[in-house]
Each structure stands twice: as C-alpha cells, then as structure tokens.
Trainee: 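Have a look at the structure that comes next, please.
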Amino acid sequence: MPPARAAAYMAASTLLALTQGFGMNLVAANIPQLQGPFGATSAEAVWLMAAYMAPNASLSIALIKIRNQYGLRHFAELGIAVFLVVAALHIFITDLHSAIVLRFFAGIAAAPLSSLGFLYMLEAFPPARKLTVGISLALTNIGLAAPLTRFISPTLIDLGGVRALLQLELALAMLAFAAIYLLPLTPIPRAKVIEKGDIVSYVFIAIGFGSGAVILVTGRTYWWLEARWLGELMVVMIAALTIAAVLELNREKPLIDLRWLVSREVLHVGAVLVLFRLMLAEQTAVASNFFQIIGLQNDQLTGLYGIVALATVAGGLACAAVMKPGREPGIHMAALLFIGIGAFLDSHATNLTRPGQMYLSQAMIAVGGSLFMPPAIASGFTMALRKGPQYILSFIVVFLVTQSLGGLAGSALFGSFITLREKFHSNMLAQSMTLADPLVAARVAQLSAAYGRTITDPAVLKAEGVALLAQQVTREANVLAHNDAFLIIALLAVGAAVALVVHWLYIRIKEAAARSEGQAAVEG
C-alpha cells in the first residue's frame with residue numbers, strides 16, 4: 001500500500017476508535033452534567049451507562065461470524081449507518097427514559113466500530129507488522145478515547161451544554177461514515193458459518209453478559225446486598241451462562257470452544273488481562289473519583305487529562321517501536337514498573353493534592369497501560385492462530401470478557417473498596433473526637449464563627465460547627481480510603497512483576513533442563 005493511502009487508513013482507524021470511545025465515555029465522564037438536563041438523580045443517571053454496556057458487552061461475539069458470512073463491506077456500511085442514525089436521534093431527546101432507550105441502541109450500534117477501528121489500522125501494514133506495530137497503534141487509539149473525552153467535554157459544555165456533546169458525537173459519526181465509503185477494506189472470502197445453534201447460544205450469552213454488565217455498573221450505587229433485584233439479576237446471569245455452556249459443550253461445531261478456553265495457556269492469558277484491567281482502574285476510576293471527592297470539576301482537570309492523552313500516545317509509539325516476538329516479558333515488566341511506581345506516588349495524596357501534583361504519576365500509569373496490552377493481545381492471537389482460524393472467535397471472548405466486563409469489574413471492585421474503607425476511617429477518626437477535647441472544641445468554635453452574625457442561638461451555632469467538622473472528617477476519611485486503593489494497586493503491580501520474574505526463570509530452567517537431556521541423549 002502506498003504511504004499516503006496507508007496514512008489515510010491509519011487516520012480512519014483513529015477516527016473510528018475515537019467515535020466509538022467518545023460515545024462509550026460520554027456518560028461516564030459527565031454524569032453530574034447530564035443529571036440536570038434529564039432531570040435525573042445520580043442513581044438514575046447511572047442507568048445511561050448500564051443501558052449502553054448491556055448489549056455492547058457481548059455483541060462482538062456475534063459480529064465476527066456476521067462479518068465472515070456477509071462480507072466486510074456490507075458489515076462496515078451497515079454498522080456505521082446504524083450508528084449514524086442513533087447518533088442523530090440523540091439530538092432530539094429531552095427526558096431520561098428516552099435517553100436510556102437510545103443509549104441501549106447506541107451500545108448495539110457502537111459495537112462494530114471497535115472492530116472496524118482494529119481492521120482499518122491492520123489494513124495499513126504488511127502481514128509481518130500487523131501483530132506488532134499495527135496492534136500497538138490500534139490499542140493506543142482505543143486507550144486515547146477516555147482521556148480525550150474528559151479533556152474536551154468541559155469546553156463543549158461551556159459552548160453548548162450537553163447538546164454540544166451529542167452534536168460532536170453526531171459529527172464524528174458522519175466523518176466515520178464518509179471514511180468507510182471512501183476507504184474500503186480488503187474483502188475476505190465469504191463462507192456460510194452461522195448455524196441455528198449459534199443463534200440460540202448467543203441469545204443466552206447475550207443475556208448473561210448483559211446481566212453481568214448491569215450488575216457491575218449499578219451494584220455500587222444501589223449496593224450489592226441491599227437491592228433484591230440485583231440478586232435476581234445475578235441468578236438470571238448464572239442460569240443463562242450455564243445454559244449457554246451446556247449447549248456449546250454438546251455441539252460438534254460450537255460458537256465458542258469452552259474446552260480450549262479452560263486450558264492452562266488461555267487461563268494464563270486471561271488472568272494477565274484481568275489483572276491489567278484491575279490495575280488500570282487506578283486511572284479510570286480511582287483517580288477521577290478522588291478529584292471529584294475533593295471538589296474539583298472536569299474543567300479543572302483538563303491539564304491532567306491532556307498529559308494522560310500525550311503519555312498514552314508516547315507509550316503506544318514506544319511499544320510499536322520495540323515490540324517483537326520474544327520481547328513480551330521485558331515490555332510487561334516495564335509496564336508493571338510504570339504502573340506500580342505511579343500508583344505508589346498517588347498513595348501519598350492529601351486533601352490539598354491538586355492535578356498538577358499527579359501529572360508525573362498519571363503519565364507513568366498511562367505509559368504503562370499503553371505498553372502492557374499489545375504484547376498480551378498479540379500473544380493471544382498467535383496462540384489462537386496456531387490452533388486454527390476458528391479459535392480466533394474463542395480468543396475474542398477472552399479479550400471481550402477481560403476488557404469490557406473486566407473494566408467494569410475493576411471500577412465496581414475498587415469503588416466498593418473505597419466505600420468500605422471510608423466508613424472504617426470515618427469511625428477511626430470520629431471515635432477519638434469529643435467536645436471535651438480542647439482541640440476539638442476550638443475547631444468547632446472556629447468553624448461555627450463564620451455563621452456568628454446570622455445565627456444568634458449558641459446551641460444552633462455549636463451544632464452548625466459540629467456538622468462542618470463532620471464534613472471535614474468525611475473528606476479526610478475519603479482521602480485515606482483512596483490512598484488505600486492506590487496502595488493496593490501498587491502492590492498488585494509489584495506482585496505481578498515478581499510473578500513474571502518467577503515465571504520467566506521457570507521457563508529458562510525448564511529449557512536448560514531440556515537442552516541438557518537432549519545433549520545427554522546425543523552423547524549416549
């Protein structure tokens with residue numbers, strides 16, 4: 001492919017990835033800003049995320065076979081056309097219920113865009129570089145969407161409110177629509193690969209994954225053991241996935257090869273990807289929530305997210321430059337060190353910490369994230385291709401579960417951990433505070449002095465001071481809880497690095513023993 005045309009395909013890949021990523025992160029980055037226009041509480045606004053992720057979590061499984069049977073061209077054109085229609089309909093919504101319905105269809109329509117973003121980037125490179133440079137740049141585009149969404153959202157809201165965000169999503173969809181028609185992908189041989197059994201299995205997989213996505217998004221808001229319907233939805237998820245597993249295990253040509261998925265090699269790759277998603281929750285969930293807790297808004301964080309976006313690009317380019325078969329352990333070690341050091345630096349935050357003091361640590365985590373994923377995905381694809389092309393779909397399931405559901409699980413897990421630790425620290429701080437302590441009494445008097453001219457009743461004035469002190473205690477407890485989460489993530493990174501070294505040494509010792517046995521056999 002000529003360099004100019006290759007650059008056009010790379011630009012189209014970036015456009016498609018940002019279009020899909022912006023739509024996915026639109027709600028997560030602007031929940032407080034969306035509550036007012038839709039007349040929703042924070043708990044109700046969370047359903048916008050749940051509605052999007054419920055179909056999106058599993059649809060990539062079906063799209064692989066749809067693409068193989070009906071052709072890339074039809075797949076790309078129909079996928080972007082549906083997304084364009086849904087994006088246009090967003091402009092006209094005025095209430096929460098309509099928004100939830102449209103977000104559900106947006107989740108369906110956006111699923112092809114992530115696949116197309118991958119395919120357009122790989123199209124620009126020869127086969128020898130598809131699983132090195134190509135996959136590194138494609139994953140960089142995907143990782144770039146989250147910080148860029150938070151970077152541009154405040155400016156757009158200042159210009160035109162929430163509707164400006166929706167208009168940008170529509171504009172990106174129109175540009176992506178034009179790019180797909182101007183730059184067709186290389187067609188692949190069609191084959192009749194969809195069977196009736198695939199449809200039945202996929203329905204149960206979609207119900208199971210969709211239920212799991214809703215549970216992970218809403219569980220922390222409604223709390224796991226408090227809402228009865230969360231337990232009922234968990235039963236639906238387990239039952240649907242169990243039925244799907246039974247169906248697949250008894251098919252001659254299963255949609256997903258479950259026996260291969262539970263092999264040692266695949267479980268190892270899956271565990272690595274899940275651990276990575278948990279560690280990346282430091283940036284996507286814990287750090288952003290920390291700044292929200294101390295009272296900072298998105299417009300005060302644009303500098304931080306600009307740095308994160310630049311670091312993501314730098315990490316992706318560095319990975320593309322050094323990534324070759326056999327270098328995966330070294331790249332993973334560097335990524336884990338970046339993430340571990342960055343999270344450890346963040347664990348010393350106070351209520352006076354501001355975004356400028358986290359530029360270095362968050363940039364290190366962004367670089368680590370860009371370095372970690374491409375070697376892991378390339379190893380998984382290579383492992384699947386050794387077994388045969390039909391195993392690509394099974395590996396897609398591993399990637400899908402670990403990234404979409406794994407990302408939601410990371411946010412839910414650390415969000416719940418922070419809630420529990422905040423209660424613990426609040427109790428520890430409050431139990432030593434009594435008005436008999438002169439320092440506590442002086443702080444209450446200092447805080448209540450601001451209302452001295454408007455409140456004349458001493459008892460009411462004192463109660464106001466106590467309430468203000470309780471707010472400060474809660475804020476400090478939240479800071480300590482977030483520091484605990486940062487430290488846990490740093491320890492996870494260190495533990496993963498140690499495990500990587502042990503695994504590398506084990507492989508080398510095993511190879512040395514095999515060579516010794518071979519030499520002994522030759523000499524004998």
Side-chain angles (χ1 to χ4, degrees), residues 47 49-70 100-101 104-105 107-112 114-115 192-219 222 224-225 227-267 269-271 273-274 277 380 384 387-409 412-413:
W47 282 99
M49 293 175 56
Y52 184 96
M53 292 304 302
N56 190 267
S58 62
L59 202 56
S60 294
I61 300 172
L63 293 178
I64 297 294
K65 282 205 168 185
I66 291 173
R67 191 178 70 207
N68 290 340
Q69 180 156 325
Y70 295 103
I100 290 175
V101 172
F104 178 84
F105 287 105
I108 296 174
S114 56
S115 299
K192 186 174 175 54
V193 294
I194 299 177
E195 303 175 358
K196 291 182 179 179
D198 293 335
I199 299 173
V200 177
S201 295
Y202 174 72
V203 168
F204 286 105
I205 292 172
I207 293 172
F209 281 17
S211 300
V214 172
I215 291 169
L216 292 173
V217 172
T218 61
Y222 292 91
W224 311 100
L225 302 178
R228 179 190 177 99
W229 60 267
L230 280 172
E232 294 170 348
L233 201 58
M234 178 73 76
V235 172
V236 171
M237 181 190 75
I238 295 172
L241 292 179
T242 301
I243 293 172
V246 171
L247 292 173
E248 290 296 280
L249 288 171
N250 288 280
R251 293 180 61 194
E252 183 179 348
K253 294 181 179 179
L255 178 66
I256 302 167
D257 192 332
L258 293 176
R259 292 180 177 86
W260 181 68
L261 289 183
V262 297
S263 63
R264 186 180 66 179
E265 294 83 2
V266 179
L267 288 177
V269 172
L273 294 175
V274 168
R277 289 306 305 173
K387 295 286 291 184
Q390 68 273 20
Y391 286 87
I392 291 294
L393 181 57
S394 297
F395 177 72
I396 291 294
V397 176
V398 176
F399 176 72
L400 174 74
V401 173
T402 56
Q403 298 311 296
S404 61
L405 294 182
L408 295 178
L413 176 64

Trainee: Roughly how far, to the nearest 0.5 Å, is the CD1 atom of Ile207 from the CD1 atom of Ile243?
Mentor: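 Interatomic distance, Ile243 CD1 to Ile207 CD1, rounded to 0.5 Å: 8.5 Å.
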Trainee: Of all the heavy-atom pairs spanning Gly208 and Met237, show the shortest one and how long it is.
Mentor: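 Scanning both residues, the minimum pair turns out to be O-CG, 3.1 Å.
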Trainee: Relative to the ring of Tyr222, is the ring of Trp229 parallel (under 30°), tilted (30 to 60°) or perpendicular (over 60°)?
Mentor: perpendicular
Trainee: Mind checking the CG-CG spacing from Leu413 to Leu408? Nearest 0.5 Å is all I need.
Mentor: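 It is 12.5 Å, given to the nearest 0.5 Å.
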Trainee: Around atom OH of Tyr202, are there more than 12 heavy atoms from other residues, nucleotides or ligands closer than 6.0 Å?
Mentor: yes
Trainee: When rounded to the nearest 0.5 angstrom, what is the spacing between CH2 in Trp224 and CG in Leu230?
Mentor: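 The CH2 atom of Trp224 sits 7.5 Å away from the CG atom of Leu230.
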Trainee: Looking at every heavy atom in both Ala50 and Val217, which two are closest together, and how far apart are they?
Mentor: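 Closest approach of Ala50 to Val217, heavy atoms only: N-CG1, 3.7 Å.
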Trainee: Sort and list the pairs that fulfil salt bridge (Lys or Arg N to Asp or Glu O under 4.0 Å) and have at least one residue in residues 232-246, not counting sequence neighbours.
Mentor: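 The answer is Arg228-Glu232.
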Trainee: Does the side chain of Met234 come within less than 4.5 Å of Ile238's, by heavy atoms?
Mentor: yes
Trainee: Is Phe209 close to Leu241 at the side-chain level, that is, under 4.5 Å between some pair of heavy atoms?
Mentor: yes
Trainee: Grab the two heavy atoms, one from Ala244 and one from Phe204, that are nearest each other, plus how far apart they are.
Mentor: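 Heavy atoms only, the tightest pair is CB-CB, 3.9 Å.
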Trainee: Apply the test side-chain contact (heavy atoms from CB on, under 4.5 Å) to residues Trp47 and Val214: give CA-CA distance (whole Å), side-chain angles for both, the deciding distance (0.1 Å), then the verdict.
Mentor: CA-CA 8 Å; Trp47 282 99; Val214 172; 3.8 Å; yes
